[in-house]
Each structure stands twice: as C-alpha cells, then as structure tokens.
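First the structure, in the form of structure tokens, and then the observations on it.
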Amino acid sequence: MQLGRECVLVATALGAVTGVGLALYPGLSPLSIGLLYLLAIIGMSLRIGRGPMLAAGVLSAVLWDFFFVPPRFALRIDTFQDTMMVAIYLVLAIVAGQTAARIRTQARRERMAADSERLHRTILEGVSHELRTPLAVIGAALENLENADAARSAQLIAEMRMAARRLNRQVGALLDQSRLETGALRPRLDWCDLTDLLQAAVTAARDALAGHPLSVSIAPGLPPIRADFGLMETALSNLVLNAALHTPPGTEIRLEAGRTADGARVFLRVADRGPGLPAALRERLFEKFERGERGRARGLGLGLSIARGFVAAQGGELVAEEPAGGGTVFAIYLPRCDPQPESG
C-alpha cells in the first residue's frame with residue numbers, strides 16, 4: 001500500500017514537471033528544465049523511500065532526455081556535451097535523492113529514539129509510583145502495628161490487606177500486558193454463566209467500588225457464553241475499576257448483560273454517570289500506558305489496553321460507546337453461541 005502511494009507520487013510529480021516543461025519550451029532551456037526535475041527529485045525524497053527514489057532519478061533522466069535534450073522525442077544524444085550533461089544530471093539526481101532520503105530516515109530514527117526515551121521515562125515514573133504507594137502503606141502499617149491496640153490493629157491490617165490487593169493488581173497488569181505483547185496468551189474457551197462472571201468481576205473490584213452505588217442487570221433467558229472465564233473476569237473487572245477510579249464518590253456504576261437487537265451477539269456493558277470522555281479520547285484510552293487527564297489519572301494506564309486485548313483474543317470486541325444520558329460506557333460484544341445439547 002505504501003509503495004503504491006509512493007509510485008503514484010513519483011508519477012504525478014514527474015508528469016507535472018514534464019507538462020510544465022513542454023508548456024514553457026523553448027522559452028526554458030533544456031538545462032533549466034533539468035533543474036526543475038532535480039528540484040522535484042529532492043522534494044519527493046522527503047516523502048518516499050530509497051527504492052522509489054532511485055527509480056524516480058532514473059525515470060526523470062529518461063524523460064528529460066526524451067522530451068528536451070536534442071534530438072527531441074528520441075532516446076539518443078548526438079553530442080558529447082549533451083551526453084555529459086545527462087550523465088551528470090543522472091548522478092546528481094540519484095545522489096541528491098538518496099542523501100535527502102538518508103537524512104529523512106536518520107531524523108525519523110532520532111525522533112523515535114526521543115519518543116521511546118520519553119515513553120520509557122513515563123512508564124518508569126508511573127510504575128514506581130504505583131508500586132511504591134501500596135508498599136509505603138504496608139510499611140507504615142507494620143511500623144505502627146506493634147504498639148497498636150486491638151481496634152487500631154484491625155484498622156491497620158485492613159489497610160495492609162487493601163494495599164496488598166492494589167499491589168497485586170498492578171503486578172498482575174504488568175504480567176498481563178507482557179502476555180499480550182509476547183503472544184503467550186492462549187484462551188481456554190468454555191461455557192460461562194453470566195451471573196457468576198459478573199459477580200466475580202465485582203468481587204475483584206470491591207475495594208475501588210466502596211462508596212459507589214452498584215446495579216447489575218442481566219436480561220432474562222440469556223444463555224451461557226463461550227469464553228475464557230479468567231480472561232473475561234479480568235477484562236470486566238478492569239472496566240469496573242476504571243469506572244470506579246475515574247468517577248466521584250457516590251456516582252452510580254451499572255453492569256448490564258443482554259443481546260444485541262439482531263440477537264447475533266451478547267453484550268456486557270459497564271456504564272457510569274461520571275464526567276464522561278471527549279470523543280477524541282475514547283479510542284486513545286485503549287493504548288497502553290494512556291491515562292487520559294494526567295492530573296486526575298490513577299493506575300498504570302494498562303487496564304483498558306489489557307481488557308481489549310483479552311476480549312479480542314476470544315473473538316470479541318471492546319468499544320467505548322456514545323452514552324445517551326452522559327457519563328462513560330464501555331461495552332464488550334461476543335458472538336452468541338448457544339450450548340449444544342449432549343447426545344445420549
């Protein structure tokens with residue numbers, strides 16, 4: 001696809017220069033028209049690769065010779081001076097084009113290196129903060145536990161338990177992302193009861209859900225879905241965590257399960273009444289380490305990326321939908337497969 005676009009660009013640019021040259025000839029000398037071809041070659045080198053660039057240099061020399069170097073309309077050169085002029089042009093066109101293409105490639109590599117370094121620094125800062133915070137809570141609680149009374153001890157133990165669960169989630173997220181990127185993910189599909197799946201996801205996110213009213217709605221008559229229970233639980237709990245962490249306390253979170261209008265797919269939907277997402281941000285949030293508004297963001301920015309990867313591995317789709325009444329809606333869509341009756 002990219003090569004086709006580059007070939008079209010070469011044909012268009014050289015065709016345009018040839019047309020201009022024919023329109024202005026003989027007002028412009030063959031040498032002046034050759035310089036126009038050379039400028040076009042250098043300009044194209046900023047947009048196309050070295051292979052098409054080499055072809056463009058050779059083709060421009062052929063066009064220049066055929067249309068403008070005497071004798072015209074023949075690939076023949078009668079004088080030594082014209083032969084040297086075309087030869088020098090060909091060398092200049094190839095060298096200039098390849099040099100400009102090499103400079104462009106080097107500049108792109110430098111930008112990628114700078115972006116990679118910036119991303120690496122951001123990741124390290126985020127990971128260190130998200131891992132050190134629960135560790136600091138556990139360390140402080142342990143220091144105070146020795147001299148605490150029974151009530152205070154129970155409170156400190158609860159804080160350590162919550163911090164340990166948060167730490168476990170962050171480490172698990174890094175491992176899950178690694179599984180996705182290395183191709184080590186192998187879903188084990190089986191029949192899963194939707195009630196059990198939603199309950200497991202809510203349980204996994206129970207700490208973050210504290211202070212958020214929760215409603216769960218499952219359409220009547222929904223059959224089991226064919227999925228990997230563990231992967232789907234992680235994907236769904238990540239969506240619930242995302243809703244809980246990015247909405248004010250007291251904001252309702254809704255879990256819904258049902259069929260699409262055509263009955264071909266089953267959906268699992270997590271909706272909230274929070275501040276919502278700008279349309280331009282909805283797709284970007286599925287990128288790894290993307291945390292939206294930095295000032296309010298929490299976590300590593302992996303939850304939505306992992307959720308989409310886990311759902312896609314099972315043949316499903318995770319999308320951010322346009323909410324009807326405000327807030328944010330994430331929906332998982334899976335192909336509907338009714339269990340086959342066992343043969344006797």
Side-chain angles (χ1 to χ4, degrees), residues 1-122 181 278-290 305 319-320 322:
M1 182 68 70
Q2 177 67 22
L3 180 60
R5 287 196 294 266
E6 292 180 350
C7 291
V8 170
L9 176 61
V10 169
T12 302
L14 295 184
V17 173
T18 302
V20 170
L22 290 173
L24 298 179
Y25 188 87
L28 283 182
S29 67
L31 182 58
S32 299
I33 296 173
L35 292 176
L36 290 180
Y37 277 115
L38 191 59
L39 286 175
I41 291 295
I42 295 174
M44 284 188 290
S45 67
L46 302 176
R47 302 283 300 277
I48 64 178
R50 294 186 182 181
M53 195 67 257
L54 178 62
V58 174
L59 180 58
S60 68
V62 171
L63 291 172
W64 185 42
D65 176 29
F66 183 81
F67 286 104
F68 304 106
V69 177
R72 297 180 66 200
F73 308 113
L75 293 175
R76 189 179 80 249
I77 305 175
D78 290 341
T79 67
F80 176 76
Q81 180 180 357
D82 288 343
T83 301
M84 289 299 298
M85 184 173 65
V86 172
I88 291 172
Y89 167 82
L90 181 59
V91 171
L92 285 175
I94 293 175
V95 170
Q98 295 295 303
T99 300
R102 186 160 51 247
I103 292 172
R104 185 191 65 166
T105 300
Q106 181 63 30
R108 184 170 62 247
R109 288 175 179 170
E110 291 176 357
R111 286 196 303 270
M112 291 175 62
D115 291 343
S116 177
E117 182 181 353
R118 190 160 49 248
L119 177 61
H120 182 67
R121 185 168 57 250
T122 301
E181 294 190 354
L281 190 61
R282 287 177 193 149
E283 190 62 25
R284 202 179 79 206
L285 280 177
F286 289 105
E287 299 175 7
K288 61 183 180 181
F289 302 110
E290 176 59 56
S305 171
V319 296
E322 181 76 31

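No experiment lies behind these values; they were computed from the predicted model shown.
- Here the CH2-CG distance, from Trp64 to Leu31, works out to 6.0 Å after rounding to the nearest 0.5 Å.
- Under the rule for a side chain to side chain contact (heavy atoms under 4.5 Å, CB included), the partners of Ala61 that lie at least two apart in sequence or sit in another chain are Tyr89, Leu90.
- For the atom pair CD1 of Ile41 and CG of Leu35, the computed distance is 12.5 Å after rounding to the nearest 0.5 Å.
- Aromatic ring pairs are classed by plane angle as parallel below 30°, tilted from 30° to 60° and perpendicular above 60°; the pair Tyr25 and Phe68 is tilted.
- For residues 12-23, the set of pairs meeting the side chain to side chain donor-acceptor pair (under 3.5 Å) definition, not counting sequence neighbours, comprises Thr18-Tyr37.
- Every residue meeting the side-chain hydrogen bond (donor to acceptor under 3.5 Å, both in side chains) condition with Ser32, not counting sequence neighbours, appears here in chain and number order: Ser29.
- The shortest heavy-atom contact between Glu287 and Ser305 is C-CB, 4.1 Å.
- With rounding to the nearest 0.5 angstrom, the CE atom of Met44 is 11.0 Å from the CG atom of Leu39.
- When Val17, Leu24, Leu22 are each tested for a side chain to side chain contact (heavy atoms under 4.5 Å, CB included) with Val20, only one passes: Leu24.
- Considering all non-hydrogen atoms of both residues, Val10 and Ala56 come closest at CG1-CB, 3.8 Å.
- The shortest heavy-atom contact between Leu14 and Ser60 is CD2-CB, 3.9 Å.
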